[in-house]
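Notes to accompany the following structure.
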Amino acid sequence: MNYLQTLTQLISKYLMVLIIGFSCMAYIVPSYFIWAVAYTPFLLGIAMFGMGLTIKFENLCNIFRHPKDICIGVLAQYTIMPLLAWGICHIFTLPPDIAIGVILVGCCPGGTASNVITYIAKGDVPLSVGMTITSTLIAPIVTPLLILYIGGAWVDVALLPMMITMVKVIIIPILLGGVIQYVCKSHINTLTSISPIFSMIAIILLIAAIIAVNRDKLLVSGLLTLIIVGIHNVLGLLLGLIVGKTLKLKYDKTTALAIEVGMQNSGLAVTLAATNFALNPLATLVGAIFSVWHNISGAIFASIRRDKISS
């Protein structure tokens, strides 16, 4: 058990280094990673299954104990980032492939990485977890509708297939994780020690595979995509912060809100792009780059917020 916990801690500590390292390897020798693209939904499902294993009864109770704060976070999540995506696509006159990628990222729920970053920033972790769970569970309905409404101006959007994809890669794995957690209570500590390892490996493989597939296109569109992703993410963090301060939320809640808004489930965006927008291959690249970037910016943001509360 101890060695599993040590391994999990090591991978978590150096996750960003591993993502960047494997992404570089994928760029240099793409043939080693291209195979993983075919398993994109499965890889995201593993990550969501891990989330299901870690959702505890008190997490669900917390949602009902603090419905106002949760609703503020989820509403901000599903308005700020989608509207930013729409604005960025128009301002920069983005080509359809990149535009739909930006819109996919903007319309997705918060990512589980936000919970870790909130902890580092000394924010309200239970609130962060509650917002992530809520936005994720309603995502199969809200995300496709937002993508249809916003993204329809750039590409054809098939609503029902997208909803089915999201149920398969989000709801079913999370429910399965929750059921296994309930049934295997005596072994749950072992399971929760192992699952983060597989979840992180799945995310690393997912990002590396997208880099491998888009290797040649990175030279043409990589810099533009990075700039767009950076603007989208940073504005999301700042606007989330402004919303929290405007509503006079406490420091820890404002911090959690800002991080939840700015950090998206970009793995889901990659999966939706790969399975539902195959005619727009560059769309997957946006989510892959966002996966790397938002962890870096999130860590910087957390450091700034943590230093502020300490001073």
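No experiment lies behind these values; they were computed from the predicted model shown.
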So do [Y] and [X] actually touch side chain to side chain, heavy atoms under 4.5 Å?
X      : Y      : value
Leu237 : Val261 : no
Ile171 : Pro140 : yes
Phe290 : Asn265 : no
Ile98  : Pro95  : yes

May I have all residue pairs that pass side chain to side chain donor-acceptor pair (under 3.5 Å) and include part of [range], sequence neighbours excluded?
range            : answer
residues 89-101  : Trp86-His90, Asp97-Asn280
residues 98-109  : none
residues 226-235 : Asn233-Trp293, Asn233-Ser297
residues 160-170 : Thr165-Asn276

Item to complete: Could you tell me the separation between the CE atom of Met81 and the CG atom of Leu235, rounded to the nearest 0.5 Å?
Response: 8.5 Å

N/O donor to acceptor pairs below 3.5 angstrom from side-chain atoms of residues 222-230, sequence neighbours left out:
| from | atom 1 | to | atom 2 | distance (Å) |
| --- | --- | --- | --- | --- |
| Thr225 | OG1 | Ser221 | O | 2.7 |

Does any N or O in the side chain of [X] come within less than 3.5 Å of the main-chain N or O of [Y], such that one atom is a donor and the other an acceptor?
X      : Y      : answer
Gln264 : Cys108 : yes
Ser135 : Thr132 : yes
Tyr251 : Arg305 : yes

Show every donor-acceptor pair shorter than 3.5 Å between a side-chain atom in residues 27-36 and any protein atom, with sequence neighbours excluded, or say none if there are none.
| from | atom 1 | to | atom 2 | distance (Å) |
| --- | --- | --- | --- | --- |
| Trp35 | NE1 | Tyr32 | O | 2.7 |

Test of understanding: with side-chain contact (heavy atoms from CB on, under 4.5 Å), list the residues that count as partners of [X], not counting sequence neighbours.
X      : result
Leu148 : Val157, Leu159
Thr118 : Val125, Ser128, Ala256, Ile259
Leu239 : Ile80, Leu84, Ile242
Leu238 : Val234

For [X] and [Y], work out which heavy atoms get closest and say how close.
X      : Y      : value
Thr284 : Ala273 : CG2-CB, 3.5 Å
Ile150 : Cys107 : CD1-SG, 4.2 Å
Gly151 : Ile103 : CA-CD1, 3.7 Å
Gln77  : Pro109 : NE2-C, 3.9 Å

Item to complete: Is it possible for you to say whether Met25 and Leu206 belong to one hydrophobic cluster, with membership spreading through side-chain heavy-atom contacts below 4.5 Å?
Response: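 Hydrophobic grouping puts Met25 with Leu206.
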
Fill in: hydrophobic_cluster_shared for Leu75 and Val129, side chain cutoff 4.5 Å
no

Discussion item. Could you work out, with salt bridge (Lys or Arg N to Asp or Glu O under 4.0 Å) as the rule, every residue matching Lys253, not counting sequence neighbours?
Written reply: Asp69, Asp124

Practice prompt. Take Leu282 and Leu285, measure what side-chain contact (heavy atoms from CB on, under 4.5 Å) needs, and give me the verdict at the end.
Written response: CA-CA 5 Å; Leu282 272 179; Leu285 186 61; 3.7 Å; yes

Worksheet item: Residues sharing Leu83's hydrophobic cluster, by side-chain heavy-atom contacts under 4.5 Å among ILVMFWY, directly or via others?
Response: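 Noted: Leu83 shares its cluster with no other residue.
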
